[in-house]
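Single-structure report; data block below.
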Amino acid sequence: MKKFQHAKTVSKMVTAALAAAFVFMSATPAQAAEKTVSDLQDIIYQNQESDGITNNPNVKAVVADDGVVEYHCRVEDINMEGLQIISDPAEPGSLSRAAGVFYDFEWPVYPTVRHVTNEYKVYSGQTIQTIVSVKPTDREFWLGIMDDDGHARYIIGKRAAVHDFKITTTNMYCVFVQNNHKDVTLNASGSFAYDY
């Protein structure tokens, strides 16, 4: 303190500037984290307001570890009027994965259609990794998984989506792409993988 009292004015100004910069830099990460949480809450709110199915009180929005909003519900909660379900086996992918299974798909997903893969047994603690690219790129689609007990989890995307669904219950699972539009066919190409 004695040295500070005898310091030159320039030194005092530099010290004050550094102290202010330190305080500002300490507060910035907290503000950024708060903004990120706020942005995710806004996305959840907007998605729930934008369509009647997601606005269903039985559909629960959860922010996954990768920051993507995941919707959890019963399968009947994502069935819309006139929805058709098309089951199409995914083809084994050309990539070999020593520790898992890899399948790819290329589907025309017609209006009000849910296109699903075959079922595969996936164990608790494993992950179903999904990736899809959809045209036209300005239309929303749902990419998700369903289990044999009637539970569904999905994300909403445009153009493309990549997401890992963490499995908490051993069950038979299928992957799906759902087109809720009544006027356009979505061309979806993608893949999914899971561990042995």
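What you are looking at is a predicted structure, and each value in this text was computed from that prediction instead of being measured.
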What distance do [X] atom [atom1] and [Y] atom [atom2] have between them, rounded to the nearest 0.5 Å?
{"X": "Gln129", "Y": "Ser191", "atom1": "CD", "atom2": "OG", "value": "9.0 Å"}
{"X": "Leu186", "Y": "Thr137", "atom1": "CG", "atom2": "OG1", "value": "11.0 Å"}
{"X": "Cys174", "Y": "Glu119", "atom1": "SG", "atom2": "CD", "value": "5.5 Å"}

I need the minimum non-hydrogen distance between [X] and [Y], along with the two atoms involved.
{"X": "Pro111", "Y": "Asp183", "value": "CB-N, 4.2 Å"}
{"X": "Val184", "Y": "Asn179", "value": "O-ND2, 2.8 Å"}
{"X": "Val69", "Y": "Ile155", "value": "O-CG2, 3.5 Å"}
{"X": "Ser87", "Y": "Thr117", "value": "OG-O, 4.2 Å"}

Chi angles and distances behind the side chain to side chain contact (heavy atoms under 4.5 Å, CB included) call for Ile145, Ile167
CA-CA 10 Å; Ile145 61 172; Ile167 303 303; 3.8 Å; yes
Residue pair Tyr103, Val175: steps toward the side chain to side chain contact (heavy atoms under 4.5 Å, CB included) verdict
CA-CA 10 Å; Tyr103 289 91; Val175 175; over 6 Å; no
Go through the steps to decide whether Glu140 and Asn180 satisfy the test side chain to side chain contact (heavy atoms under 4.5 Å, CB included), and finish with yes or no.
CA-CA 8 Å; Glu140 281 187 350; Asn180 294 324; over 6 Å; no
With sequence neighbours excluded, tell me which residues meet side-chain hydrogen bond (donor to acceptor under 3.5 Å, both in side chains) with His151.
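His151 satisfies side-chain hydrogen bond (donor to acceptor under 3.5 Å, both in side chains) with Arg74, Asp147 once adjacent residues are dropped.
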With Asp149 via side-chain hydrogen bond (donor to acceptor under 3.5 Å, both in side chains) - residues at least two apart
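Asp149 satisfies side-chain hydrogen bond (donor to acceptor under 3.5 Å, both in side chains) with Asn171 once adjacent residues are dropped.
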pair Pro108-Tyr110: side-chain heavy atoms closer than 4.5 Å
yes
Qualifying salt bridge (Lys or Arg N to Asp or Glu O under 4.0 Å) pairs, either residue in residues 154-167, two or more places apart
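Qualifying pairs, neighbours excluded: Asp65-Lys166.
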According to the salt bridge (Lys or Arg N to Asp or Glu O under 4.0 Å) rule, which pairs have a member within residues 170-182, sequence neighbours left out?
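Residue pairs with at least one partner in residues 170-182: there are none.
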What residues form a salt bridge (Lys or Arg N to Asp or Glu O under 4.0 Å) with Glu81, not counting sequence neighbours?
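For Glu81, no residue satisfies salt bridge (Lys or Arg N to Asp or Glu O under 4.0 Å) once neighbours in sequence are set aside.
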Ring centroid separation Phe192 to Phe102 under 6.0 Å:
no
Any side-chain donor paired with an acceptor under 3.5 Å for Arg114 and Asn79?
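Present: a donor and an acceptor within the cut-off.
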Partner set under ring-ring contact (aromatic ring centres under 6.0 Å, His included) for Phe165, not counting sequence neighbours
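With sequence neighbours excluded, Phe165 shows a ring-ring contact (aromatic ring centres under 6.0 Å, His included) to His163, given in chain and number order.
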What is the ring orientation for Tyr120 with Tyr194, classed by angle as parallel under 30°, tilted 30 to 60°, or perpendicular over 60°?
tilted
With side chain to side chain contact (heavy atoms under 4.5 Å, CB included) as the test, would you mind laying out the steps for Val116 and Ile85 before giving the verdict?
CA-CA 7 Å; Val116 300; Ile85 298 168; 4.2 Å; yes
Among Phe176, Tyr154, Tyr71, ring-ring contact (aromatic ring centres under 6.0 Å, His included) partner for Trp142
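Result for ring-ring contact (aromatic ring centres under 6.0 Å, His included) with Trp142: Tyr154.
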Distance-only, no hydrogens or angles: does the Gln126 side chain make a donor-acceptor pair with backbone N or O of Thr170 under 3.5 Å?
no
